[in-house]
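Beneath this line is the structure, given in structure tokens, with notes to follow.
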2 protein chains.
Amino acid sequence: MKYTLNQGRELSTQIAEAIRIEIMNGSLLVDERLPSEGELCDRFQVSRSTVREALKRLAAQSLIRTQRGATGGAFVNRISFEDAYPQQITTSTLLLSMNEVSFETACEARFAVERACVPLSAERCQPDHMATMRAEIHRQEQSGLSDESFCASDVAFHKALIEGAGNPVLTYQLASAIESMQPLMNMITFSKRDRATIVSLHSKIADGIASGNAAVADEGLSELADYTVTLADQVRQQRATRAQDAAKI
Amino acid sequence: MKYTLNQGRELSTQIAEAIRIEIMNGSLLVDERLPSEGELCDRFQVSRSTVREALKRLAAQSLIRTQRGATGGAFVNRISFEDAYPQQITTSTLLLSMNEVSFETACEARFAVERACVPLSAERCQPDHMATMRAEIHRQEQSGLSDESFCASDVAFHKALIEGAGNPVLTYQLASAIESMQPLMNMITFSKRDRATIVSLHSKIADGIASGNAAVADEGLSELADYTVTLADQVRQQRATRAQDAAKI
DNA sequence: ACAAAGTTAAATGTCTGACAATTAGAATAT
DNA sequence: ATATTCTAATTGTCAGACATTTAACTTTGT
């Protein structure tokens with residue numbers, strides 16, 4: 001195989017891309033060893049630093065892993081959800097915090113997908129997930145809970161709900177969506193009344209799932225979606241008012 | 001700020017992680033310039049190669065971009081969907097092709113989310129997306145179409161459907177799911193009857209969306225989901241039979 | 001013969017120093 | 001004023017060295 005690199009982009013980018021394609025199209029199989037850094041230098045006619053920068057790019061995407069020692073080298077990595085999660089969360093969080101996506105848009109997507117999980121959860125939900133949901137609801141009823149702990153418990157509740165669907169792809173996509181929204185949710189101050197409303201909706205959802213009644217759970221989740229948007233709206237209005245006041249002074 | 005790096009993991013990994021955290025927690029803002037490579041060497045007490053490998057890791061995740069020249073450097077990148085798409089597709093494709101996820105699981109997740117899009121599409125779908133769906137249906141009716149072209153048109157149809165929901169997050173997640181399934185879909189040989197069934201379901205979906213009747217569209221999509229699983233099953237059985245035959249000889 | 005210890009070789013990880021290429025801005029010439 | 005040239009800062013690339021890790025091989029002791 002011969003390789004000709006352009007002059008435009010960085011060499012390490014082009015080399016990483018060439019190797020990525022070999023992995024994608026099956027020229028390099030899972031756990032197969034890539035040529036050593038020295039061999040890659042010869043193949044692409046570049047220095048070792050350049051090759052290494054290319055390999056680090058691939059490692060950052062979990063496409064390869066490296067191992068030191070005599071039989072070491074770079075190996076095609078069997079990418080797992082454990083590898084993919086953190087990256088997905090990083091990406092989602094930044095898409096949200098850098099205002100590429102509005103909270104409303106994220107909310108709509110998140111609850112649309114979560115509602116899609118409900119029928120599956122109602123059908124399959126295991127006792128341990130059900131127990132987690134009940135336990136988190138119980139926590140949320142405690143009065144001494146800080147807003148942040150309340151939010152964390154909220155996340156735990158919804159994670160258990162979607163895990164009940166028993167589909168790792170849905171869990172992977174939704175869990176990252178929910179986690180990436182947490183920083184924004186943490187800015188909400190929950191009144192006693194807010195919490196009561198949320199807890200009652202959580203109960204409604206849990207009851208629906210437990211009894212295999214997807215329609216009830218869906219209704220609860222739908223109401224919760226609306227309520228979340230309302231709360232977020234309040235925060236935004238408060239902030240706008242505060243900004244105006246500050247401008248006056 | 002002082003930095004103490006452990007001995008366990010690679011230095012470039014730790015440096016990349018430290019900078020990633022600074023970006024995530026807001027210490028480094030969008031478009032802000034990172035210290036130059038030389039300054040990072042001083043700060044972390046490592047060589048330039050190590051700093052560069054760390055920066056390449058971050059660049060591979062679109063967290064930073066670099067610019068050469070007098071006022072150049074590494075800048076915090078405002079991550080966009082255009083940046084995130086390809087990475088998501090790479091990850092999804094490999095999760096699927098490396099058997100970390102079964103086709104059934106991927107299918108279930110994909111159609112669950114797609115069905116979640118239907119009510120939104122029925123409400124908001126714009127004429128251009130509608131036109132795309134109609135055009136792709138028309139293409140799929142042509143008899144001379146290769147299986148691969150038929151699949152490509154299928155992808156285009158569904159992409160238009162989900163874009164009709166007008167939610168970029170849903171588009172981002174679903175489009176990557178659909179594209180990552182394409183290699184497997186391409187292995188299916190569609191009979192004339194298969195195509196007719198699919199086209200009629202596509203029409204049903206399009207009609208439902210066009211008339212704002214989400215229930216009809218959802219029914220069509222649901223039937224399509226079942227049919228897709230059936231076809232995939234057939235392929236798997238054929239392959240199993242062929243493997244048995246090969247073993248006999 | 002077998003097991004423990006030491007040796008070796010291959011590979012990645014890190015460091016140093018140099019030069020090339022690019023780019024904005026300052027200095028200069030017209 | 002405008003165009004050109006120069007300069008300095010910064011990233012991109014290269015070459016070579018040494019450090020570290022690891023598995024396999026070799027030696028040695030029993």
Side-chain angles (χ1 to χ4, degrees), chain A residues 3-20 22-23 28 31-78 83, chain B residues 3-20 22-23 28 31-78 83:
Chain A
Y3 294 95
T4 46
L5 304 178
N6 303 330
Q7 288 307 323
R9 289 175 302 165
E10 290 168 38
L11 295 176
S12 65
T13 308
Q14 296 179 56
I15 292 168
E17 180 63 8
I19 296 174
R20 188 188 70 83
E22 288 196 72
I23 295 173
L28 287 167
D31 292 334
E32 188 173 335
R33 185 179 174 281
L34 272 64
S36 72
E37 295 177 354
E39 289 170 317
L40 290 172
C41 293
D42 293 344
R43 176 178 301 189
F44 291 104
Q45 288 294 300
V46 296
S47 72
R48 208 180 139 213
S49 338
T50 304
V51 164
R52 282 183 61 79
E53 287 177 12
L55 293 178
K56 294 314 156 202
R57 293 182 119 106
L58 295 170
Q61 298 172 272
S62 305
L63 296 186
I64 62 168
R65 60 177 189 278
T66 55
Q67 212 177 335
R68 290 172 76 166
T71 61
F75 297 83
V76 177
N77 194 38
R78 180 188 300 277
D83 297 329
Chain B
Y3 294 95
T4 46
L5 304 179
N6 304 331
Q7 287 308 323
R9 288 175 304 166
E10 289 168 37
L11 295 177
S12 65
T13 308
Q14 296 179 56
I15 292 168
E17 180 62 10
I19 296 174
R20 187 188 70 84
E22 288 195 72
I23 294 173
L28 287 168
D31 291 333
E32 187 172 337
R33 185 178 174 283
L34 272 64
S36 73
E37 295 178 354
E39 289 170 316
L40 289 173
C41 292
D42 294 344
R43 176 177 302 188
F44 291 104
Q45 288 293 300
V46 296
S47 72
R48 209 180 139 212
S49 346
T50 304
V51 164
R52 281 183 62 78
E53 286 177 12
L55 293 178
K56 294 315 157 202
R57 293 183 120 104
L58 295 170
Q61 299 173 270
S62 305
L63 296 186
I64 63 169
R65 60 178 188 277
T66 55
Q67 212 176 335
R68 288 169 78 165
T71 60
F75 297 83
V76 178
N77 194 38
R78 180 188 300 277
D83 297 330

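Proteins get letters first, then strands, A, B, ... in listed order; numbering begins at 1 in each. Since the model is a prediction, treat every value here as computed from it, not as a measurement.
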Could you tabulate the donor-acceptor pairs under 3.5 Å formed by side-chain atoms of residues 33-41 of chain A, not counting sequence neighbours?
residue: A:R33; atom: NE; partner: A:G72; partner atom: O; Å: 2.9
residue: A:R33; atom: NH2; partner: A:G72; partner atom: O; Å: 3.4
residue: A:S36; atom: OG; partner: A:E39; partner atom: N; Å: 3.3
residue: A:S36; atom: OG; partner: A:E39; partner atom: OE1; Å: 3.4
residue: A:E37; atom: OE1; partner: A:R48; partner atom: NE; Å: 2.7
residue: A:E37; atom: OE1; partner: A:R48; partner atom: NH2; Å: 2.9
residue: A:E37; atom: OE2; partner: A:R52; partner atom: NH1; Å: 2.8
residue: A:E39; atom: OE1; partner: A:S36; partner atom: N; Å: 2.9

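- Residues B:L11 and B:Q14 have side chains in contact (heavy-atom distance under 4.5 Å, counting atoms from C-beta outward).
- Between the CD atom of B:E39 and the C1' atom of D:dT11 there is a distance of 13 Å, rounded to whole Å.
- By the side chain to side chain donor-acceptor pair (under 3.5 Å) test, B:Q67 is found to be paired with no residue, residues two or more places apart in sequence or in another chain being considered.
- A search for side chain to side chain donor-acceptor pair (under 3.5 Å) contacts involving A:T50 returns A:S47, not counting sequence neighbours.
- For the pair B:K56 NZ and D:dT11 P, the computed distance is 9 Å after rounding to whole Å.
- Between the P atom of C:dT12 and the CG atom of A:L40 lies a distance of 8 Å, rounded to the nearest Å.
- Judged as a salt bridge (charged side-chain N to carboxylate O under 4.0 Å, His left out), and not counting sequence neighbours, the contacts of B:D31 are B:R65.
- Electrostatic pairing of B:K56 and A:E10 counts as a salt bridge here, judged by a charged N lying under 4.0 Å from a carboxylate O.
- Under the 4.5 Å side-chain criterion, counting only non-hydrogen atoms from C-beta, B:I64 is in contact with B:I23.
- Within the 4.5 Å cutoff, no side-chain heavy atoms of A:E22 are placed close to those of A:E32.
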Give each protein N/O atom lying under 3.5 Å from an N/O atom of nucleotides 22-27 of chain D, with the pair distance.
residue: D:dT22; atom: O2; partner: A:A70; partner atom: N; Å: 3.0

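- Comparing C:dT12, C:dA11, D:dT11 against the side chain of B:S36 picks out D:dT11 as the nearest.
- The interatomic distance linking A:F44 (CZ) with D:dC14 (P) rounds to 13 Å, in whole Å.
- Near DNA chain D, meaning a heavy atom under 4.0 Å from it, residues 45-55 of chain B has B:R48, B:R52 in order of number.
- Atom pair B:L58:CG and D:dT11:P shows a separation of 14 Å (rounding to whole Å applied).
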